[in-house]
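Here's the structure we're looking at; comments come further down.
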There are 2 protein chains.
Amino acid sequence: MTTEPEPSTESRTPLTKERVLDAAIALADESGIESLTMRKLAEDLGVEAMSLYYHVANKNVILDGMVDQAFSEIDMSFVELDWRSAMTHRAISVREVLSLHPWAISLMQSRTNPGPALLHHHDSVIGILRQAGFSIEMTAHAYSALDAYIYGFVSQELSLPFDTSSAEEAAEVADAILESFPTEVFPYLAELTIEHVMQPGYNYADEFEFGLDLILDSLERLK
Amino acid sequence: MTTEPEPSTESRTPLTKERVLDAAIALADESGIESLTMRKLAEDLGVEAMSLYYHVANKNVILDGMVDQAFSEIDMSFVELDWRSAMTHRAISVREVLSLHPWAISLMQSRTNPGPALLHHHDSVIGILRQAGFSIEMTAHAYSALDAYIYGFVSQELSLPFDTSSAEEAAEVADAILESFPTEVFPYLAELTIEHVMQPGYNYADEFEFGLDLILDSLERLK
DNA sequence: ACCTGAACACCGTTCAAGT
DNA sequence: ACCTGAACACCGTTCAAGT
């Protein structure tokens, strides 16, 4: 019985901003952004909370870094495709990354310091539209509409209290909501829920590409 | 010099859940959702923090109530219009209310208890689409796409560090971002910023209806 | 019936101090 | 150079107690 636990080799590696960021992302991925406290983060890294302040100025620096890290994970191979395929692939890839890191979209919306990965991503998307012949103005319109749609869809999806690719879970939740009011009071809501959402095979996740195509169809026409 | 300050007539009115909710909304509107603490809210109401727990089970009940209150403020007169005008007017009205209560959209996304005002709103929108001849499936597609777009646009707009209906403020912020990197590194981003965003008369807020029309145009074609 | 004081288990952060 | 203990000014919430 020694008085000190053996120091793990991991905890002996000196801290760096990178290690702090990686640990913050791992913690937020696993336990949710509300579990990301300076004290818990320090614990995961084998140090005291106060040690973190030697490597980052404050918690906001960590949050900004996490967002940019997430953006750097977006698959950029869409830059090789024609504009419409490129927009589709980038939308799917953005959605994938944001679903993998459910904290990212809310952080994005509360933080306003664009990092290098975000700027690079923006530049690539704008470049594709410009090279495809979209005017500057139409490029701005297109980018605004696509981003609003993508972020809005993912926000909605992440805020639903069930896995959107599971028809069973969706049906259960829909059923619970249905039972909270008489169907005569909200007849159209009841109809849509019973005859669509609660049907086997319904998949809210499938709505993503449908809505995306609505926007892309119109853009193609206006090009 | 009396030992007790005169009790204001206001603070003598007994608390109710409604008064707590109204005060919570007033506080969040004025000082931001991060200022809404049980202690500050109690102070505004002239009681101690612990008194609030006699009227509401916990803070989440207040947050849920605030969201539904905001939804009840949406102008419902769109129900009289043809489907396309109705969708446009309801989108504009939702955006207005969410801009008036900047805390509402983030609360909506973190809370999952739909209140009566939200359910009624959903039912009305679905009813318009169904009566206009949209199939159940197409109604689901349309609603999903429109809501994703509306909430996404408002989220983006509220997260920008300037008033989106001010061309001057947008240009200033754009200029600051531009100076954070050499223009050769992100040429397309630089071009869009300099030749569009920083031009006099540019108004990000104007993008809202353009993107909305992209979706509505496609829906009209598919109807 | 309605409100409160004291307490608990948390936060982020500062600062002087340790090695 | 890197880490920490103690402290500060906060949180939401419980509970027994006051009127």
Side-chain angles (χ1 to χ4, degrees), chain A residues 3-25 27-28 30-67 103 106-107 110-113, chain B residues 3-25 27-28 30-67 103 106-107 110-113:
Chain A
T3 46
E4 295 184 7
E6 42 180 355
S8 77
T9 45
E10 200 184 9
S11 72
R12 291 304 97 206
T13 323
L15 275 190
T16 59
K17 189 180 169 181
E18 282 65 45
R19 282 191 61 221
V20 171
L21 269 186
D22 289 348
I25 290 175
L27 176 55
E30 201 170 322
S31 314
I33 191 71
E34 71 285 351
S35 300
L36 176 60
T37 67
M38 297 301 270
R39 282 165 173 88
K40 183 71 179 62
L41 179 56
E43 193 187 307
D44 287 3
L45 286 161
V47 298
E48 297 298 318
M50 306 75 206
S51 310
L52 300 174
Y53 289 88
Y54 187 80
H55 298 95
V56 294
N58 52 48
K59 192 177 178 177
N60 280 338
V61 170
I62 298 180
L63 300 179
D64 283 335
M66 290 169 72
V67 170
W103 42 266
S106 51
L107 282 192
S110 56
R111 322 256 69 240
T112 58
N113 268 317
Chain B
T3 47
E4 295 185 7
E6 42 180 356
S8 78
T9 45
E10 200 184 8
S11 73
R12 291 305 97 201
T13 323
L15 274 188
T16 59
K17 189 178 169 182
E18 282 66 43
R19 284 190 60 223
V20 171
L21 268 187
D22 289 346
I25 290 175
L27 176 54
E30 202 170 324
S31 315
I33 190 72
E34 71 284 352
S35 300
L36 176 61
T37 68
M38 297 301 269
R39 283 166 173 87
K40 183 72 181 60
L41 178 56
E43 193 188 307
D44 286 3
L45 286 162
V47 298
E48 297 297 319
M50 306 77 207
S51 310
L52 300 174
Y53 288 88
Y54 187 80
H55 298 94
V56 294
N58 53 48
K59 191 176 179 179
N60 281 338
V61 172
I62 298 180
L63 299 179
D64 283 336
M66 291 169 72
V67 170
W103 41 266
S106 52
L107 282 191
S110 56
R111 322 255 69 240
T112 56
N113 267 318

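Below, all heavy atoms of this structure are taken into account, side chains as well, without hydrogens, waters or symmetry copies. We name chains A, B, ... by the order of the sequence lines, and we start the count at 1 in each one.
A sub-4.0 Å separation between OP1 or OP2 of D:dC3 and a side-chain N or O of A:Tyr54 is absent. For the OP1/OP2 pair of D:dA1 and a distance below 4.0 Å, the side-chain nitrogens and oxygens of A:His55 include no atom meeting the criterion.
A straight line from CG of B:Leu45 to P of C:dT4 spans 11 Å, rounded to a whole angstrom. Regarding B:Met38, its CE atom lies at a distance of 17 Å from the C1' atom of C:dC11, rounded to whole Å. Rounded to a whole Å, the CZ atom of B:Arg39 is 6 Å from the C1' atom of D:dC11. Atom CG of B:Asn60 is separated from atom C1' of D:dT13 by 12 Å (rounded to the nearest Å). Remark: C1' of D:dA1 and CE of A:Met50 are 19 Å apart, rounded to the nearest angstrom. Atom-to-atom, OH of A:Tyr53 to C1' of C:dG12 comes out at 4 Å; the value is rounded to the nearest Å. If you measure from atom NZ of A:Lys59 to atom C1' of C:dC11, you get 8 Å, rounded to the nearest angstrom. Between the C1' atom of C:dT13 and the CD1 atom of A:Ile62 lies a distance of 12 Å, rounded to the nearest Å.
Shown here for B:Met38 and B:Leu52, the closest heavy-atom pair between the two residues is O-CD1, 3.3 Å. The nearest pair of heavy atoms linking A:Ala24 to A:Ile62 is CB-CG2, 3.7 Å.
When each of B:Ile25, B:Leu27, B:Asp44 is checked for a side-chain contact (heavy atoms from CB on, under 4.5 Å) with B:Leu36, only B:Leu27 meets the rule.
The nucleotide C:dT19 finds its pairing partner in D:dA1, both defining distances of the Watson-Crick or G-U wobble pair being shorter than 3.5 Å. A 3.5 Å limit on both hydrogen-bonding distances identifies D:dA6 as the Watson-Crick or G-U partner of C:dT14.
Nucleic acid contact class of B:Ser51 (heavy atoms, under 4.0 Å, all strands): base.
For the atom pair NZ (A:Lys40) and CG (A:Leu45), the distance works out to 9.5 Å, reported to the nearest 0.5 Å.
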